Amino acid sequence: MSFDANMAVLRVESLSKVFRRYSSEWHRIGAIAGLGIKPVEVHRVLQGINFTISRGEAIGIVGRNGAGKSTLLKIITGTLNPSEGFVQIAGRVSAILELGMGFHPDLSGRQNVYHSAGLMGFTPEQIAEKIDEIESFAEIGEYFDEPVRVYSSGMQMRVAFAVATAWRPDILIVDEALSVGDSYFQHKSFKRIREFREMGSSLLIVSHDKAAIQAVCDRAILLEKGQILKDGAPEEVLDYYNALIAVKEEEEEEGIAIEQIRTEDGRIATLSGDMRVKLRKIALYNRKEEEIEIVSVGERVTLKIVIELVEEVDELVLGYMIKDRVGQAVFGTNTFFMERVLLRPEVGRVLEYRFSFDMNLGPGSYSFNTSAHAGSSHVAGNYFWLDNALIFEVVNVDKNGFIGVAWLPPELEIEDVG
Amino acid sequence: MKRLLLSLWNYRHFIVGSVKNEFRTRFIRSRLGAAWIVLHPLAQVLIYALVLSQVMQAKLPGVDSQYAYPIYLLSGMVVWNLFAELLGRLLTVFIENANLLKKLAFPKLALPLVSIGSSMVNFTLLLLAMYLVFAFLGHFPFRYILWLVPLISITLVLTVGIGLTLGILNVFVRDIGQVLTIVLQFWFWLTPIVYTIDIVPQKYRFLLHLNPLSSIVEGFQSVLVYERSPDILPMLYPALFGLFMLGAGMWLFLRAKEEITDVL
């Protein structure tokens, strides 16, 4: 991935952050005063972070709790200072992590807007220009001139979002905070964020919601233990992240491998797990038992998955999931949901699973991923997990035209009732 | 340093707005609003005056008024009130705004400036109330009133110097806040506000003059009670002490400003 350095709005270079612990806070003060006192513990939260964001680019940051996401955002926003390295920003950053921050309960919404926007560095004249727009965007009616203490949390959040986005920033940082508020306002917020992007704002989103990241972002960055583990296309990074969250602490010490293989058609297949169960084959068949890669809408198909039991497992669940071109889940199930869990299957056996169903999907390119694990999801114990295991195409051969990802053929009656 | 001042200048509207907001909120939820700002110290003066006026009356030579002692008390109390209030605010200014500091990027020094602004508003009101009371008692000390400007400036430098330093240390070691409440009680009685310095035995007077606030309070009393211009020489000590503390506070701030948000 190459970037025009002139187009970069944000450049993070060899950024590190350490938090120091001293045996007493007086020692910290001594260290600040330059007495050369050493901390008892140096906790490295971020280490050697490098990345660039171009104009108009949307980047999702994922990572487990404690991976350093918030610290990174705070450094970019400017509330924390890096211990090493630097952050270079061309333009104004606005962060929606401070939603509802610093609202004074006794002041009215309007007065609080002046206060908050002042805190963002705007002059009263600049705020006066935008105040009507902020009021109409928040849509809280006469409450705007009531004290904030009588607001519901949703109303506070509306006003806060309206202020935070009243001026188009060059970089908009969106934390998970956005998931609050009713769905009407959420749609409205996302619309505004999209508009900003079209006007050239870059976007930095932190979320655990993979679907949201995949829907919005051009690129994703996976943080793990304060370092960038993966930086690339959202689908590739999210598959890797998905594999990573299954790796449990103990396994981590044994060094579980997560592999990413580039398949013939250029997709990245991610394989992870402890390989106690091995995938032999995965393929799609039509009614005539022919192996196929192109399926017509509504066609009856059989997905065959052949696995080998390499080592002893207590519980065996096999599952698959169909994802669309951008990696959104379309349908997934497993033998746990289907109540066909195998308990202590015999080691060395090879099993063939056959799932037959009608391919009621809209035209497009899809992929299967498949996994064998214990329990209802792969988090409980991951034997193997393969993303992009099988790619297939759905084409519309014999049906009327339609749009969308699902094939839900209606029966139509038209009756003259008047 | 220049960049720091420039960024604060850019936040001038915010600072002024915050001072206004703080003043405004006093009226929203209480009927007497700003009156409470002056009622509290005036009540204190009244109590001391009632309890001690018989004892102290004889000790105030050179003042004609029969209300000499309440006038003396009030003059000292306005300065003390400014000092104690601003010190209290500065002590907790970073802790109380931890949420803002953690979530928003803005010049941190804007917060102590808001504290100074609010305290000055209160002080001005108290000063006006004091002159009203004086007028009521038939005392009109306007002759040397301009002297109040340098006296207040020295008070501010001293208070901000001590307050900023302690406010930063308080972020790291919270005990400082607790200790200061006790220290302030002693400090009040080690300052010639309720009594005159003459009643202290000669050999202990130097102790009172180690207290940088003593000369300032005496300066206020010169202007407001005795209607004299204050002695300049004794002012050097609090001024220099204040400047030193202010320098120390700024130095500490510049070194600690990054760790402040790490620890909050």
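Here is how names work: the chains are called A, B, and so on, in the same order as the sequence lines, proteins then strands, and each is numbered from 1. Just so you know, these numbers come straight off a predicted model, no measurement behind them.
Atom NZ of B:K20 has 12 or fewer heavy atoms from other residues, nucleotides or ligands within 6.0 Å. A 6.0 Å sphere centred on NE2 of B:H209 holds more than 12 heavy atoms belonging to other residues, nucleotides or ligands. No more than 12 heavy atoms of other residues, nucleotides or ligands sit less than 6.0 Å from atom CD of A:E142.
Each of B:T261, B:L252, B:V173 has some count of heavy-atom pairs under 4.5 Å with chain A, and the biggest count is that of B:V173.
With values rounded to the nearest 0.5 angstrom, B:F14 atom CZ is found 14.0 Å from A:F122 atom CZ. Here B:E22 contributes atom CD and A:D106 contributes atom CG; the two are 12.0 Å apart, rounded to the nearest 0.5 Å. Separating the CG atom in A:L80 from the CD1 atom in B:I260 is a distance of 12.0 Å, to the nearest 0.5 Å. Going from atom CD of B:E259 over to atom OH of A:Y22 covers 5.0 Å, rounded to the nearest 0.5 Å.
For a residue to count as touching a neighbouring chain, one of its non-hydrogen atoms must lie under 4.5 Å from one of that chain's; by this rule B:I176 touches chain A with the side chain only. Heavy-atom distances place the side chain of B:Y11, and not its backbone, under 4.5 Å from chain A. For chain B, the nearby part of A:F19 is the side chain; its heavy atoms alone come within less than 4.5 Å.
Nearest heavy-atom pair, B:A105 versus A:T79, reported as atom, atom and distance to 0.1 Å: N-CG2, 3.6 Å.
Ion pair A:K17/B:D262 flagged as a salt bridge, since at least one NZ, NE, NH1 or NH2 atom sits closer than 4.0 Å to an Asp/Glu carboxylate oxygen.
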Test A:H115 against B:N21 for side chain to side chain contact (heavy atoms under 4.5 Å, CB included), laying out the working first.
-> CA-CA 8 Å; A:H115 187 255; B:N21 277 349; 3.4 Å; yes
